[in-house]
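Some notes on the structure that comes next.
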Amino acid sequence: MRNTKAFKEAVAETLAELARRGVTLAPASVEDIIERNVQAVATQLGIQVRSAWRYFDASVLADSLAQSVREFEASSPDGGVGQAPLPPQDNPELALILAGVPDALAQSGGDLYAVILNVAVNAWMAGHLHGEDGCEGCDGSRGPAGHDWQARMRTLTEMQPDITKWFDRTVWTTAVNDAGYTVTRR
């Protein structure tokens, strides 16, 4: 089933519909759901899988998946479940981390794993210093006695004066392209 044109189009349409609704799911998850749903329709109606495609509607599936995501987020006792501990948006340290990606790609010869690992560790550390991870060992040590967050932000701001530009996707993509790489979505 997965090698058929109908299946590939269904996945692409569903992902596009999800994007329109502001929901991001892994393509593999969407593929599994579509395969399971089309198989179920074929089984319930006693028809061949290729005939079951006429009952598939990407927008209806996307509505259902988006609703499930919203319900999960709303039912979670902890806000931000599944979200990485990051410092606030437009934070100088996060901007500096993002600004380093094109250079890291060039320096590593395009080793995306090394770049992602570097970004993840640095973003975690930025969140840790800011107190986002709730590290009990650091409680009371942030500030003048320990991690001087304000001094760190002042230093980073001086290093990277145009912080907000790195939160613009086109600026970031242009920098990656200038480093000799492209970011494409399949």
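Side chains are part of it too, since the values below use all heavy atoms of this structure and drop only hydrogens, waters and symmetry mates.
- Under the 4.5 Å side-chain criterion, counting only non-hydrogen atoms from C-beta, Arg50 is not in contact with Val38.
- Residues Val30 and Phe56 share a single hydrophobic cluster, defined by chaining ILVMFWY side chains whose heavy atoms lie under 4.5 Å apart.
- One finds the CE atom of Met1 at 11.0 Å from the CG atom of Asn3 (value rounded to the nearest 0.5 Å).
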* Asked: Given Glu17 and Val23, is the side chain to side chain contact (heavy atoms under 4.5 Å, CB included) satisfied, shown in steps?
  -> CA-CA 9 Å; Glu17 290 291 335; Val23 175; over 6 Å; no
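- Taking hydrophobic clusters as Ile, Leu, Val, Met, Phe, Trp and Tyr residues chained together by side-chain heavy-atom distances below 4.5 Å, Phe7 does not share a cluster with Val41.
- For the atom pair CG of Asn37 and OG of Ser64, the computed distance is 8.0 Å after rounding to the nearest 0.5 Å.
- For the atom pair Leu45 CG and Arg54 CZ, the distance stands at 9.0 Å (nearest 0.5 Å).
- Note that CD1 of Ile34 is 6.0 Å distant from CH2 of Trp53, once rounded to the nearest 0.5 Å.
- For the atom pair Glu31 CD and Thr14 OG1, the distance stands at 10.5 Å (nearest 0.5 Å).
- Rounded to the nearest 0.5 Å, atoms CZ (Arg21) and CG (Leu65) are 9.5 Å apart.
- Proximity of Pro102 to Asp178: side-chain heavy atoms (C-beta onward) are nowhere separated by under 4.5 Å.
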* Stepwise salt bridge (charged side-chain N to carboxylate O under 4.0 Å, His left out) test for Asp63 and Arg20 -> CA-CA 10 Å; Asp63 285 339; Arg20 283 187 199 98; over 6 Å; no
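- The heavy-atom pair separating Leu18 from Ala62 by the smallest distance is CD2-O, 3.7 Å.
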